[in-house]
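I have placed the structure first, in the form of structure tokens, so that the comments after it can refer back to it.
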Amino acid sequence: MKYINAILALFICLSTTCVEAQKKEELSDKYVLVIHGGAGTIVRSKMTPALEYEYTCALEEALHRGQYVLDTGGLAITAVEVAVKFMEDSPLFNAGKGSVFSHEGVNEMDACIMNGKDLTSGAVAGVRNLKNPIEGARLVKDSSKHVFLYGDEAQEFCLSKGAVYADSSYFFTEFRWNQYVKARDKGAIILDHDTTDVNYQYKTLEELEKFGTVGAVALDRYGNVAAATSTGGLTNKEFGRIGDSPIVGAGTYASNRSCAVSCTGKGEFFIRGTVARDIAARMEFGDLTLTESGERTMKRLNKLGGSGGFISVDKNGNFIMMFNTKGMYRGVVTNEKNAAVKIY
Ligand code: ASP
């Protein structure tokens, strides 16, 4: 009996070592994380060095947090969630804490996350009291039978699964409120990125028309891609308007067959152009490279009259950051290159 047990133990030991060796082989060094913090009329002449510094630091920190996940062998889906969550907590961006106000004077946030490995996805829209909407999207992906949940019920579900609640006062920023009152009085629905007074130089953060839906795409060391996007939407948006960000294929998409994409800009155009899926589909069916695919999709967006941008990483680690606006808050980090951030 002892003899049989010893052989059994040896067999288990050998097979475990075998599996581990295989895992190590599958675990490549290569990883990529790309993020954006919104695209729009972002021009250097309007930016003070102090503000530029604040944005740069926030984007770098988001990259570092996601990089840590990837570097230590974590999954792309976790890296994009971690990076987006950090930007949601920053009042600099139009997501989570810095979200804009709807016509009713409330913050209604949308978010989506998607795993390229198995095409699983989760999204929430019109949620008012989730501290991190992207966490809600992840909970929908992991623990719900559905893909896309809306409003109070979406929130209820996420809270029941452990999402963190935040009172409306948490999302209130005076600047956003003033922005909303101005838009409401003019009857305008405003994309957070755009401003009309091109000669004015912003001196403080409060004066700046804050730009900033946030998004992240990543390739992990196992070869999986993932995407996440989170937004407060448009200032003074009405009638339960939902943008492109939480819609799979419009503002967010990921497939290991092609790439992961996160978009920012006037959502209506991205929905109509199914922009995120368009980039992936051109690669899958047209055999284009990621850059070719991005360029053609951008041309199509231009034709539609849409403004904004997108970030994408493919299954081989190629990445793009394209926009047809003056600027896009963006950054990238890879296993070979330190975090690099750009605005204009
Ligand atoms: N795409 C977002 C929306 O339409 C807005 C943005 O990117 O700032 O809701």
Side-chain angles (χ1 to χ4, degrees), residues 36 38 80-81 84-85 87-88 93-115 119-161 163-166 168 170-171 176 180 189-192 212-216 226-254 261-277 308 310:
H36 72 74
V80 293
E81 183 186 352
V84 163
K85 209 166 174 178
M87 292 188 280
E88 285 181 337
F93 304 102
N94 173 20
K97 170 80 183 145
S99 289
V100 298
F101 286 91
S102 73
H103 186 67
E104 288 75 30
V106 291
N107 308 103
E108 289 182 344
M109 297 161 286
D110 307 334
C112 179
I113 194 161
M114 184 159 184
N115 193 352
L119 301 186
T120 53
S121 173
V124 292
V127 291
R128 297 180 177 189
N129 299 101
L130 292 185
K131 180 173 172 283
N132 292 104
I134 200 64
E135 183 180 57
R138 177 80 193 248
L139 287 165
V140 172
K141 177 185 126 25
D142 291 346
S143 332
S144 145
K145 282 181 249 153
H146 307 295
V147 171
F148 194 174
L149 304 182
Y150 177 77
D152 290 348
E153 288 89 346
Q155 193 166 296
E156 234 170 76
F157 171 81
C158 296
L159 294 172
S160 78
K161 296 291 175 191
V164 178
Y165 176 89
S168 307
Y170 168 78
F171 299 101
R176 291 291 191 212
Y180 152 67
I189 296 165
I190 297 177
L191 176 67
D192 190 43
T213 287
V214 302
T229 314
S230 179
T231 188
L234 305 183
T235 298
N236 201 29
K237 61 184 177 181
E238 294 179 275
F239 310 117
R241 181 262 186 195
I242 298 172
D244 60 312
S245 311
I247 299 177
V248 169
T252 310
Y253 190 74
V261 185
S262 171
C263 302
T264 175
K266 257 189 191 140
E268 281 67 14
F269 294 94
F270 286 75
I271 295 171
R272 289 164 51 211
T274 56
V275 169
R277 174 64 191 150
F310 42 75

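Taken from OG in Ser143 to CZ in Phe157, the straight-line distance is 5.0 Å, to the nearest 0.5 Å. Distance OH/Tyr180 to OG/Ser102: 6.5 Å, rounded to 0.5 Å. A distance of 11.5 Å separates CD1 of Ile247 from OG of Ser121, quoted to the nearest 0.5 Å. Rounding to the nearest 0.5 Å places CD1 of Ile242 at 4.5 Å from CZ of Phe148.
When the side-chain hydrogen bond (donor to acceptor under 3.5 Å, both in side chains) test is applied to Asp142, the partners found at least two apart in sequence or on another chain are Arg138. The side chain to side chain contact (heavy atoms under 4.5 Å, CB included) search around Asn107 returns Ser99, Phe101, Phe171, not counting sequence neighbours. For Lys141, the side-chain hydrogen bond (donor to acceptor under 3.5 Å, both in side chains) test picks out Thr120, with sequence neighbours left out. Glu156 is linked by a side chain to side chain contact (heavy atoms under 4.5 Å, CB included) to nothing, counting only residues two or more places apart in sequence or in another chain. Ser245 pairs by the side chain to side chain contact (heavy atoms under 4.5 Å, CB included) definition with Thr213, Thr229, Thr231, not counting sequence neighbours. Shown here are the side chain to side chain contact (heavy atoms under 4.5 Å, CB included) partners of Ala137, two or more places apart in sequence or in another chain: Ala111, Ile113, Ile134.
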The test is side-chain contact (heavy atoms from CB on, under 4.5 Å); show your working for Tyr253 and Val248 and say whether it passes.
CA-CA 6 Å; Tyr253 190 74; Val248 169; 4.0 Å; yes
Going through the checks in order, is the side-chain contact (heavy atoms from CB on, under 4.5 Å) test met by Glu81 and Glu135?
CA-CA 7 Å; Glu81 183 186 352; Glu135 183 180 57; 4.3 Å; yes
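Listed here is the closest heavy atom pair of Ala250 and Cys263: O-SG, 3.6 Å. Residue Val140 comes nearest to Cys158 through the heavy atom pair CG2-SG, 4.1 Å, listed as atom of the first residue, atom of the second, then distance.
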Output a table of donor-acceptor pairs, distance under 3.5 Å, between side-chain atoms of residues 267-276 and any protein atom two or more places apart or on a different chain; print 'none' if there are none.
from	atom 1	to	atom 2	distance (Å)
Glu268	OE1	Arg241	NH2	2.9
Glu268	OE2	Arg241	NE	2.9
Glu268	OE2	Arg241	NH2	3.3

Just distance, no hydrogens or angles: give the donor-acceptor pairs under 3.5 Å from side chains in residues 122-133, sequence neighbours left out.
from	atom 1	to	atom 2	distance (Å)
Arg128	NE	Glu108	OE2	3.2
Arg128	NH2	Glu108	OE2	2.7
Asn129	OD1	Gln155	NE2	3.3
Asn129	ND2	Ala166	O	2.9
Lys131	NZ	Asp89	OD1	3.2
Asn132	ND2	Glu88	OE1	2.9
Asn132	ND2	Asp89	OD1	3.1

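Of the possible donor and acceptor atoms, one in the side chain of His36 sits under 3.5 Å from a partner among the backbone N and O of Gly38. Panel note: side chain Lys161, backbone Ser144; no donor-acceptor pair is recorded below 3.5 Å.
For the salt bridge (charged side-chain N to carboxylate O under 4.0 Å, His left out) condition, no pair includes a residue of residues 143-155, sequence neighbours left out.
Among Asn94, Val214, Asp110, the one residue that satisfies the side-chain contact (heavy atoms from CB on, under 4.5 Å) test with Ser230 is Val214.
Side-chain contact check for Pro246 versus Thr252: every heavy-atom pair is 4.5 Å or farther apart.
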